[in-house]
Amino acid sequence: MPVNVAVIPVAGKGTRLLPLTKGIAKELLPLGRKPVLQHVVEEMQDAGVSDIVMITSDGKACIEDHFRHDQALLDLLHHDNKHQLADAVGFLSAATSISYVLQQQQDGLGHAVLCARDAVGDQPFVVALGDAMIGLNTEASLCKRMLRVFDDNNADAVIAFQHVPLTRVNRYGVAELKTGYVDGDEAFTLTDLVEKPSADNAPSQFAIAARYICQPTVFDHLEKTPPGVGGEIQLTDALRSVIRAGGLVLGVPLAEHEKRYDVGNFDSYYVAFIEAALADPHCGGAVRERLLQLTADSVN
Ligand code: G1P
């Protein structure tokens, strides 16, 4: 069954990035020439998704502004013979529709996804976190792989995972794997999921990496999920409940080239920004030279 819908939660207040995010949504922070959220939307388009449901909150009108079709701007750019720029601005394909659902209170990622229930209806859907992208181009190879694994196995959910150092497991949802997984396998079966465990309690070093595909039954589990870590309703806990009910939840590890870029906190945002600048086809070379100079100066 094709997956046509993606839920993109963008309601978070971005408190880890204050004061930067006081007036700018963190999802609109630039990575190269586009805001991170545009990279995510293009990734969804490339994966064949046509309906995007953004879960938003008060103070995020700038997101709707960015994704609103602006014919006057397009006409102006074409009139000035800036056709390439017009293509970059008109990045939404005609087949893509974006709708917005307001999350009234900030009760966590699980609650944000539950807000999409009416908009999604009774069909499988992707969840793509709006503050993280995979790889520096829009090629949606991870998402396409996850969709194939989801379909081939008739899974209840498929989740992307990255291997992280033990010192960082407490920032993520972490997988417990069924025995038998061998490094290099395309997917593994989950026997449990733990949200933000301590290093001592982590069942593995496989951390949830911002992309999920779920059957709509996950909404029933979300309805019954009590607040967990941080007093918030966690998507991880609902998926754990799917596993405990006998559901098939599979993990797809990121390939080596599928690096995850996260703008949720300053350290990862700075690195992501620099890498995106280095990858810029026009300015990347000059940025690289200047960085080499700066780092050489700081060593000497
Ligand atoms: C959320 C999820 C967590 C996941 C992380 C990155 O955490 O709850 O399981 O590992 O995103 O995808 P957050 O970063 O919102 O605290």
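Every number for a ligand or one of its atoms is a count from 1 in the order of the listing. Just so it is clear, the values below take in all heavy atoms, side chains as well, and ignore hydrogens, waters and symmetry mates. Only a predicted model underlies this, so the values are computations on that prediction, with no experimental measurement involved.
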Atoms in ligand 1 flagged as close to [X], the criterion being non-hydrogen separation under 4.0 Å:
| X | answer |
| --- | --- |
| Gln234 | 8 (O) |
| Thr236 | 9 (O) |
| Gly173 | 3 (C), 4 (C), 9 (O), 10 (O) |

Any sub-3.5 Å donor-acceptor pair from Asn201's side-chain atoms to Ser198's backbone N or O?
no

When you measure from the side chain of Ser204 to the backbone of Ala175, do you find a donor-acceptor pair of N or O atoms at a distance under 3.5 Å?
yes

Below 3.5 Å, N or O to N or O, backbone or side chain included: is there any such pair between [X] and ligand 1?
| X | result |
| --- | --- |
| Ala210 | yes |
| Ile208 | yes |
| Leu129 | no |

Pairs of donor and acceptor atoms involving the side chains of residues 123-133, under 3.5 Å and at least two apart or interchain, shall be tabulated with distances.
residue, atom, partner, partner atom, Å
Gln123, NE2, Val120, O, 3.0
Asp131, OD2, Lys26, NZ, 2.9

Out of curiosity, is Arg260 lining ligand 1, as in a heavy atom under 4.0 Å away?
yes

Within-shell test, Arg211 vs ligand 1, heavy atom, strictly < 4.0 Å
no

When you compare the side chains of Glu64 and Tyr100, does any donor N or O come within less than 3.5 Å of an acceptor on the partner?
no

Asp80 and His78: side chain donor to acceptor below 3.5 Å:
no

So which protein heavy atom does [atom] come closest to, and at what separation?
| atom | value |
| --- | --- |
| atom 15 (O) of ligand 1 | Arg16 NH2, 4.4 Å |
| atom 13 (P) of ligand 1 | Lys196 NZ, 3.7 Å |
| atom 9 (O) of ligand 1 | Glu195 OE1, 2.7 Å |

Anything under 30° is parallel, anything over 60° is perpendicular, the rest tilted; go ahead and classify Phe206 against Phe161.
perpendicular

Pair Arg211 + Glu258, salt bridge at N-O below 4.0 Å:
no

Is Lys224 paired with Asp237 through a side-chain N to carboxylate O contact shorter than 4.0 Å?
no

